[in-house]
Structures are given as structure tokens and as C-alpha cells.
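So the structure is just underneath, and the comments pick up after that.
Naming convention: chains lettered A, B, ... in sequence-line order (proteins, then strands); numbering from 1 in each chain.
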Number of protein chains: 2
Amino acid sequence: MCHRIPPGHPDNEPAGCLLCAIRSLSICDALDESELRELVRLSQRVRFGSKEPLFSEGDQSDASFNVSEGTVRLYKLLPDGRRQIIGFALPGDFIGVATGIRYGLSADAVEPVRACRLPKEPFSRFIESKPRMLQRMNDFARNELVLAQNHMVSLGRRSAEEKIAAFLIGWRDRLERIGRSTKTIHLPMSRQDIADYLGLTVETVSRTLTRLERENTILIVPGGVRLINLGRVEALAVA
Amino acid sequence: MCHRIPPGHPDNEPAGCLLCAIRSLSICDALDESELRELVRLSQRVRFGSKEPLFSEGDQSDASFNVSEGTVRLYKLLPDGRRQIIGFALPGDFIGVATGIRYGLSADAVEPVRACRLPKEPFSRFIESKPRMLQRMNDFARNELVLAQNHMVSLGRRSAEEKIAAFLIGWRDRLERIGRSTKTIHLPMSRQDIADYLGLTVETVSRTLTRLERENTILIVPGGVRLINLGRVEALAVA
DNA sequence: CGAAGGATTGACGCTTCTCAAATAGGGTGG
DNA sequence: CCACCCTATTTGAGAAGCGTCAATCCTTCG
């Protein structure tokens, strides 16, 4: 539907922080009007087409990103190509903060993505004297840790069926928190992505989903699922 | 060897932040002398015996802790008792920061632990106007995320043998960074702990370790292991 | 309309789990 | 100091869940 976009194509719009639709979801909510005006000057609005990388593990870490639209896949690769998806970033999420001079993981767009690019140096100078912003970034990191911890429980201790259920419930909750419809849960990522997120194979994901559908627990629809027997899914998810 | 210690037994020593041996490893390194003096007044030195909980998932989150001695196990439980160990905390680590009013996971002492207890309210007031401290706490949270991400790769995409190797290398690196000997790697945690950390069973951990020993890759010694064929372990660990 | 990639389904195998029992080790009390 | 007990660890045999390989189907898009 939309034509190929060059890597990290800059929009011609300026970063419109003051009018930003997802500001209340993002770290920028900790800034006042004059600070936002300052941020406008040091940030850039960028777009990425499906599968296009925002950054890759090992790259020089030049910038972080505030996702404003679309879904981003964050992952690590083993030398032989095995992939573990660490998480998916949604609008409001703040990604690409590296500990060292290089990114510790890779990120690419699952579907077309818009984001604010925050170049490392200017941005770190910008925040260094803003305790409220630092607090908010701390809260965001803590929240990421909570997600990571639940993810570890799934990876280490849940069966394939429980993993899928926990994934669907967790994804639904995240969509809900950013104000998306949850009547039918939109799944922009592929079966392979779900498999690599849950430590399974595509085949197992596919089989498990169709089994859940045959049992009338879920309904598979194009681009997502509906939870028919919500209680059953939730029971599997906590287990 | 030592008698039973009541839960979270307070030492009679004051919190000696100025002389603290692990300050350079901890978040407190971001504080100057007068700030440390302030911290002394609002923190308490506490001890925990083996297996004693520092806090439990679902408890009201009253305080966080700076570990100064010993090893802490951080974990989550499923309703049926399955356990996933999220990580181990060592001297210098800052644990028990909750996002909400309740702890999101449980923590207990693997071996006798000393820590500084930082009551939530006074501590959050203490840091709110200290950007350097907030920065450092951010760095610590980021570092935890890096560990979590590597852990997820192990849980989701590595074989039992690779998990064990990656665990040994990762543990060795952490011991090294806090200045511990790595000639023989001290493992204070049980086989069951290692299993619950790696998403395996005790039997698989035991079998894998003895297989590695039979192949002359490692040597199992009381309380730890020695890496005989370091190259082999490292090769398994990256894979 | 046809090609290409994604998703599903099936048959079979293997790694890891489960259940069970033996062994070792550490702490306690006599 | 030694014997005993309790727990941790190791080892074995068999089962099962999930992975692998392969073929088919479906969808999307040129």
C-alpha cells in the first residue's frame, strides 16, 4: 500500500512535541512546555518501513527512539542464526538506550513505524539536570524489567500452550493501556516472531493456536485473534 | 556454624556509608560525603540467614536493599509451585525497587547476607533532587536489563549444555567485576537454584555438569567448579 | 494469473522431563 | 569424635513434549 521508504527516512514535519498524540504515554510527559520546545530542536521525526532496522546489535549507539506509531521487534541473535525476541515496542515506548557505546540488541519495524530520534549526546546533556525526566526514565526502565521478568517465567517454566496464552493476555493488556481496541487482539507480528519471542518453533505456535481454536478458546481472524473463552485463556496464562 | 538469626536482624552497627567497602560498586558511589552522612541516618544495616526472605512477591514494598555481602536469589513462583529464578544479587547490587506498592518478585538469602535497608519514603525523597544519583540508578537498571536480555536468550534458545556454559561464564564475569577470585568459580547456590534459573530440572543440571566433567571441560569441586577447558566452555556459552 | 513467502498439517525423532532409587555430604546430638 | 539423620546430588530407565523435516495450503502482491 505504501512505497519503499529509505532507511530512517526523516519526515519533513518538525518534531511536534507540543502536539504529540502519545506524549502522555511516553517519557516526554515529564517535561514542561519550555522543555518540550527545547526537545523539538534536538530531536528528529523518522519513519521506518516494515522489516527496516532502527538499529542493530553491535552498531555504534548514536541515538535512542521514542516510538510514536507502529510496532518494533527487539531481538538478539546467536552466531548460528537462532533468534530470541526480547520484546515488542509500541507507541510510547522508549528504546535504544545502550549501556556502552554499542547497541546491545537489534530493533526493526514489524509494521511501518514512526518515531522520534533522540541523538545520544545532546539528549544526555538535555536530561542531566532534569530529575523529573530521570525519574520517569527510571520508571520506564523498571517497567521494562517487570515485562522482562514475566517473559522469563514464560520462557523458563511455562508449556507451549501456557506461553501462548500468557503472550495473548500480556499483549492485550499492553494494547489496552495505550487505548487500543481489545475486542479482537491485533497481532502485527508473524507466527515466526511469536515463536522467537516464546522460545518455540513456528510449527508449535501454529499447532497450539489451531488447537486453541478447535477447543473454542480463541478465534483466529486475519491479523489477530479473538478470545472466545477468556476465562480459559486467563487460567492458562497465570498457570 | 552460626546460630539462628531473627528475620532481618538489625546489626548494632550504624550504617557506615563513609567506610563502606562496596561503595564503589553500588549506587552510593554517586553521592558525596555530606550526602552519605544523610544516607546513614535514613538507612539500616540488616542481616539475613540462609534461606531467609528479604521480601516476598505481593508484600507491601516498604524498602529496597543494597546488598553488601552474600548472595540473594530473586524469583517468581507460579500458582502450582513452579519457580523461575530471575537472577542472583551480589554485593553492590541494588534490589527490591518495586514499580507499584507491592514487590513484583521474591528475594531470599542463598548464603548469609548483609545489606543496607533503604525505607521507601525517605529514600525516594532523598534521591528526588539528586540527578547524579538518579543517573546512577538508571545505569543500574539498564545493566539489569542487559543481564535479563542475555538470560532470555539462554532460556529461549540455548540447549541445556549451552545454558550451563553461559551461566558459568556469566557468573564468573560477575564475580570478577566485584573482585572475586575466578580460578575456581564459587557457586553458593544449589543445583535446584541453577535449574530454576536456567529453566531446567535438577537432574538435567546434574547430568550436564557431570558430562562436562567427564569430557574434561570442567572440574566439579566442593562449593563450585573450575573451568579446565576454558575455550570449550566459552564456545558453548556464545553459541 | 502466477510467484513467493507465510501458515498449517503430518510423521517421526530427540532432548529434556518424570519417576524412582542410590549415594554423598553436612549438621546435630550423643 | 563418631554415628545418625536429613537433605542435596547423582544416576538410571522410560515417557512425553516439542523440534525437525517435508509437503501442502493460503495469502499477498506484482
Side-chain angles (χ1 to χ4, degrees), chain A residues 1-4 49-51 73 78 80-84 110-112 154-165 167 187-215 218-225 236 239, chain B residues 1-5 49-51 73 78 80-85 110-112 154-165 167 187-215 218-225 236 239:
Chain A
M1 95 191 34
C2 56
H3 44 290
R4 188 63 44 78
S50 276
K51 300 183 185 178
R73 166 173 62 219
L78 291 178
D80 65 359
R82 281 175 284 177
R83 182 178 70 158
Q84 177 63 48
V110 169
E111 51 184 350
S154 278
L155 288 169
R157 287 298 179 225
R158 286 198 243 250
S159 70
E161 196 174 38
E162 292 165 349
K163 284 178 179 184
I164 297 276
F167 167 69
L187 298 174
M189 72 291 288
S190 69
R191 296 289 189 263
Q192 184 64 62
D193 287 339
I194 298 175
D196 287 347
Y197 179 80
L198 295 174
L200 299 170
T201 58
V202 213
E203 293 92 332
T204 301
V205 170
S206 183
R207 271 188 257 270
T208 305
L209 284 171
T210 56
R211 176 152 24 93
L212 288 172
E213 183 169 46
R214 268 200 304 272
E215 291 167 353
I218 65 169
L219 179 68
I220 300 171
V221 298
V225 296
L236 282 170
Chain B
M1 93 189 40
C2 57
H3 45 289
R4 188 64 44 79
I5 302 166
S50 275
K51 299 184 186 178
R73 164 174 61 220
L78 291 178
D80 65 359
R82 280 175 286 177
R83 181 177 70 158
Q84 177 63 48
I85 292 188
V110 169
E111 51 183 352
S154 278
L155 288 169
R157 287 296 179 228
R158 286 198 242 250
S159 70
E161 196 174 37
E162 291 165 350
K163 284 178 178 184
I164 297 276
F167 167 68
L187 297 174
M189 71 291 288
S190 68
R191 297 288 189 264
Q192 183 65 62
D193 287 339
I194 298 175
D196 288 347
Y197 180 80
L198 295 175
L200 299 170
T201 58
V202 213
E203 294 93 330
T204 301
V205 170
S206 183
R207 273 188 256 271
T208 306
L209 283 172
T210 57
R211 176 154 22 95
L212 288 172
E213 184 169 46
R214 268 201 303 273
E215 290 167 354
I218 64 170
L219 179 67
I220 300 173
V221 298
V225 296
L236 282 170

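- Across all their heavy atoms, A160(B) and T204(B) have their closest contact at CB-CG2, 3.8 Å.
- For the helix from dC1(C)-dG30(D) to dG30(C)-dC1(D), the end axes, each set by the C1' atoms of five terminal pairs, are bent relative to each other by 40° (nearest 10°).
- Using a 4.0 Å heavy-atom distance criterion, G223(A) is classed as making no nucleic acid contact.
- The separation between I220(A) atom CD1 and dT8(C) atom C1' is 10 Å, rounded to whole Å.
- Contacts of E213(B) classified as side-chain hydrogen bond (donor to acceptor under 3.5 Å, both in side chains), with partners at least two apart in sequence or in another chain: none.
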Could you list all N or O pairs between the protein and nucleotides 20-22 of chain D that sit under 3.5 Å apart?
from	atom 1	to	atom 2	distance (Å)
dT20(D)	O4	R207(A)	NH2	2.9
dC21(D)	N4	E203(A)	OE2	2.9

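- The distance from atom CZ of F167(A) to atom CD1 of I194(A), rounded to the nearest 0.5 Å, is 4.5 Å.
- The distance from atom CG of D193(A) to atom C1' of dG5(C) is 14 Å, rounded to the nearest whole Å.
- Remark: E215(B) engages E161(B), R211(B), L212(B), T217(B), R232(B) in a side-chain contact (heavy atoms from CB on, under 4.5 Å) (not counting sequence neighbours).
- Listed by chain and number, the residues in a side-chain contact (heavy atoms from CB on, under 4.5 Å) with R83(B) are R73(B), Y75(B), L77(B), I85(B), Q192(B), D193(B), D196(B) (sequence neighbours excluded).
- Going from atom CG of L187(A) over to atom P of dA7(C) covers 11 Å, rounded to whole Å.
- Here the side chain of R158(B) pairs no donor or acceptor atom with the backbone of L198(B) at under 3.5 angstrom.
- Remark: C1' of dA16(D) and CD of E161(A) are 15 Å apart, rounded to the nearest angstrom.
- Across the protein-nucleic acid pair, I164(A) atom CD1 and dC18(D) atom P stand 10 Å apart, rounded to whole Å.
- For the pair L209(B) and I218(B), the minimum side-chain heavy-atom distance is below 4.5 Å.
- Residues that satisfy the side-chain contact (heavy atoms from CB on, under 4.5 Å) test with S206(B), not counting sequence neighbours, are absent from this structure.
- Rounded to whole angstrom, the span from the CZ atom of R157(A) across to the C1' atom of dT18(C) amounts to 13 Å.
- A heavy-atom distance below 4.5 Å is not found between the side chains of K163(A) and V205(A).
- Here dG10(C) presents its P atom at 13 Å from CZ of R211(A), a figure rounded to the nearest Å.
- A distance of 7.5 Å separates OG of S159(B) from CG of L236(B), quoted to the nearest 0.5 Å.
- In this structure, L200(B) reaches the sugar-phosphate backbone alone: every heavy-atom distance under 4.0 Å involves primed, P, OP1 or OP2 atoms, never a base.
- Between R82(B) and E162(A) there is a side-chain heavy-atom pair separated by less than 4.5 Å.
- Atom C1' of nucleotide dG12(D) and atom CZ of R214(B) are separated by 12 Å, given to the nearest angstrom.
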Can you name the atoms? Protein N/O to nucleotides 2-9 of chain D N/O, anything below 3.5 Å, with the distance.
from	atom 1	to	atom 2	distance (Å)
dT9(D)	OP1	R191(B)	N	3.4
dT9(D)	OP2	R191(B)	N	3.1

